[in-house]
Amino acid sequence: MNPANTRPENLWGHIVELIPPGGHGTDADHTADKYAWDLFVLCGNPKDAKVGATFHPDTSDNGWFVCPDNITFDPAGRLWVATDGANDFDLPDGVYSVDTEGAARGLPKLLFTCPHGAEATGPCFTPDGTTLFLSVQHPSEDAETLDKAQSLWPDFKDGQPPRPSVVAIRRKDGQPVGA
């Protein structure tokens, strides 16, 4: 246990925020050699006090997450978190947006869940924020044989094995994802 890992057996993960000199916004010096830091969120079920999760108080029952693995930021500055390992907690892995500023700071919102046994990786936005790309890795990885696969992602056809794939997420109205 130490200041950057406050839970002795941290099974759920957490996100450390790096804070450049000058703080947030246009005053921040992102070229600095030294940054301050803080714990942005401690992951896990916020309704289980012994877990010690520290999400926004308005986090919904399907908004909290565990095992953050990959992150990216959209053009509006929202943090996007892809998880790996949630299946160990009987949750699907997926992608969550988390506001970094304002009244909703630290409030996660679920956007995408992976098929059984898969993880979400490599989230990346187009420069205008209208498309989010991500990879779905190893769907049904725990199946010993094709007939035991719990998902036939992405084709969902009998006899076709589950396969990793790249997903592009867009809004029907063409607005930025998450707006």
Side-chain angles (χ1 to χ4, degrees), residues 1-46 48-49 51-60 62-86 89 91-114 119-137 166-171 173-179:
M1 198 159 90
N2 59 58
N5 191 7
T6 59
R7 299 181 285 188
E9 292 193 29
N10 187 356
L11 305 174
W12 313 275
H14 62 277
I15 298 173
V16 175
E17 177 180 24
L18 299 177
I19 306 164
H24 301 283
T26 58
D27 295 331
D29 179 5
H30 293 283
T31 64
D33 291 333
K34 293 184 180 181
Y35 282 60
W37 64 272
D38 196 7
L39 294 174
F40 183 62
V41 294
L42 293 173
C43 302
N45 185 345
D48 185 347
V51 169
T54 60
F55 293 109
H56 187 283
D58 293 336
T59 300
S60 71
N62 69 352
W64 61 272
F65 58 88
V66 296
C67 306
D69 190 38
N70 302 169
I71 64 167
T72 193
F73 292 89
D74 66 18
R78 277 182 296 272
L79 173 69
W80 292 80
V81 180
T83 65
D84 176 14
F89 297 89
L91 298 169
D93 279 305
V95 177
Y96 299 79
S97 69
V98 187
D99 283 335
T100 59
E101 299 289 334
R105 177 179 162 81
L107 178 62
K109 297 175 185 169
L110 175 64
L111 175 73
F112 175 85
T113 58
C114 290
E119 69 171 289
T121 66
C124 183
F125 281 90
T126 54
D128 64 1
T130 60
T131 305
L132 169 62
F133 292 97
L134 61 101
S135 297
V136 174
Q137 289 186 342
V166 174
V167 175
I169 298 174
R170 297 181 53 105
R171 287 178 46 154
D173 64 6
Q175 295 298 307
V177 175

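All heavy atoms count here, side chains included; hydrogens, waters and symmetry mates do not.
Tested against D69 for a side chain to side chain contact (heavy atoms under 4.5 Å, CB included), the candidates D93, T83, V81, D84 yield a single pass: D84.
Here the side chain of S97 pairs no donor or acceptor atom with the backbone of L111 at under 3.5 angstrom. Judged by distance alone, the side chain of R105 and the main-chain N or O of H56 form no donor-acceptor pair under 3.5 Å. Y96 places no side-chain N or O within 3.5 Å of a backbone atom of L107 that could act as its donor or acceptor partner. Not a single donor-acceptor pair under 3.5 Å links the side chain of T59 to the backbone N or O of W64.
With a 4.5 Å cut-off on side-chain heavy atoms, T130 and R171 do not count as touching. Annotation: side chain of F112 is in contact with side chain of V136 (closest heavy-atom distance under 4.5 Å). Between L42 and W12, the closest side-chain pair of non-hydrogen atoms is not below 4.5 Å. Looking only at side-chain heavy atoms (C-beta outward), D74 and V177 stay at 4.5 Å or farther from each other. Between I15 and L79 there is a side-chain heavy-atom pair separated by less than 4.5 Å.
For the atom pair D128 CG and Q175 CD, the distance stands at 10.0 Å (nearest 0.5 Å). Rounding to the nearest 0.5 Å gives a distance of 9.0 Å between SG of C67 and CG of L91. We find the CG-CZ distance between L134 and F125 to be 9.5 Å, quoted to the nearest 0.5 Å.
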